[in-house]
Amino acid sequence: MKTFDVQAISLHVSQQQAFAFIADAQHLPDWAQAFASVEGKRALMRTPSGKVEIDLDVRASSETGSIDWYMSFPDGSVAVAYSRVVALDPDNCVYSFVLTPPPVPLEQLEGALEMQSKTLTEELGNLKGILERGQ
């Protein structure tokens, strides 16, 4: 059983521009379907069971291009999303995202990860559109 998914998308914007947008958690609702809203270090997430308020810790490094989100749920579970923006040249970059298992019981893992993977593909397309239209 696959327990992770890695996806990447090329972006026709500078690494600095992509990094600044992606690392700003306030933009998550613009491109990431699970986020209904973000205010400071709190977020309202859409889940299969309804909306839930979580703590959101964004750990970003402009030096390495890494942007990781630590999401703490009311039940104490923590989900982490790992990503990185890498410059290809001054006007182009690639954004990669490592999708790790959601905090669900093992018997639900495969279906949940598959569903999240499909959603991630759509979200990366949304992100590309937002960033490239903003030029």
Side-chain angles (χ1 to χ4, degrees):
M1 171 175 50
K2 187 173 178 182
T3 59
F4 69 93
D5 185 38
V6 179
Q7 294 187 36
I9 193 162
S10 62
L11 301 171
H12 184 62
V13 296
S14 71
Q15 186 271 353
Q16 295 85 1
Q17 182 182 351
F19 179 86
F21 184 88
I22 297 166
D24 183 345
Q26 299 303 311
H27 293 297
L28 282 169
D30 297 335
W31 64 276
Q33 297 174 20
F35 288 89
S37 64
V38 175
E39 290 187 32
K41 291 186 172 256
R42 300 285 293 164
L44 186 62
M45 289 193 74
R46 296 178 188 97
T47 73
S49 304
K51 291 183 181 175
V52 63
E53 197 166 332
I54 64 161
D55 290 326
L56 178 63
D57 181 17
V58 181
R59 300 180 190 178
S61 168
S62 59
E63 184 178 313
T64 64
S66 64
I67 307 162
D68 301 332
W69 295 274
Y70 288 75
M71 299 159 281
S72 301
F73 291 83
D75 67 0
S77 64
V78 178
V80 184
Y82 303 96
S83 71
R84 190 167 190 174
V85 183
V86 177
L88 298 175
D89 60 45
D91 299 317
N92 296 280
C93 62
V94 64
Y95 178 55
S96 62
F97 194 102
V98 178
L99 188 60
T100 58
V104 297
L106 186 58
E107 64 272 8
Q108 296 175 8
L109 181 58
E110 193 165 5
L113 188 62
E114 183 178 326
M115 186 170 59
Q116 283 189 338
S117 179
K118 288 177 183 175
T119 300
L120 177 59
T121 300
E122 293 173 15
E123 291 173 340
L124 292 178
N126 292 342
L127 178 64
K128 182 178 181 73
I130 291 167
L131 286 171
E132 292 182 357
R133 277 192 309 270
Q135 295 183 34

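Quick caveat: nothing in here was measured; it's all calculated off a predicted structure.
- M45 is listed as a side-chain neighbour of F73, based on a closest heavy-atom distance under 4.5 Å.
- With rounding to the nearest 0.5 Å, the separation of CD in Q33 from CD in E123 is 5.0 Å.
- In terms of the side chain to side chain contact (heavy atoms under 4.5 Å, CB included) criterion, residue partners of V80 (sequence neighbours excluded) are, by chain and number, Y70, V78, Y82.
- Going from atom CG of L131 over to atom NE2 of H12 covers 12.0 Å, rounded to the nearest 0.5 Å.
- Residues meeting the salt bridge (charged side-chain N to carboxylate O under 4.0 Å, His left out) test with K118, sequence neighbours left out: E114.
- Taking CG of L99 as the start and OG of S83 as the end, the distance is 11.5 Å to the nearest 0.5 Å.
- Every residue two or more places apart in sequence or in another chain that forms a side-chain hydrogen bond (donor to acceptor under 3.5 Å, both in side chains) with D57 is listed here: R59.
- Every residue was checked against the side-chain hydrogen bond (donor to acceptor under 3.5 Å, both in side chains) condition with E39, not counting sequence neighbours, and none meets it.
- For residues 4-15, the set of pairs meeting the salt bridge (charged side-chain N to carboxylate O under 4.0 Å, His left out) definition, not counting sequence neighbours, comprises K2-D5.
- Residues passing the salt bridge (charged side-chain N to carboxylate O under 4.0 Å, His left out) test with R42 are E53, D55, sequence neighbours excluded.
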Which donor-acceptor pairs under 3.5 Å do the side chains of residues 18-27 make with protein atoms, sequence neighbours left out?
from: D24; atom 1: OD1; to: Q26; atom 2: N; distance (Å): 3.0
from: H27; atom 1: ND1; to: D30; atom 2: OD2; distance (Å): 3.4

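- T64 meets the side-chain hydrogen bond (donor to acceptor under 3.5 Å, both in side chains) test with S61, S66; sequence neighbours excluded.
- In this structure, L44 shares a hydrophobic cluster with no other residue, the cluster being traced through Ile, Leu, Val, Met, Phe, Trp and Tyr side chains under 4.5 angstrom apart.
- Evaluation of the salt bridge (charged side-chain N to carboxylate O under 4.0 Å, His left out) test over residues 82-101, restricted to residues two or more places apart or in two chains, returns none.
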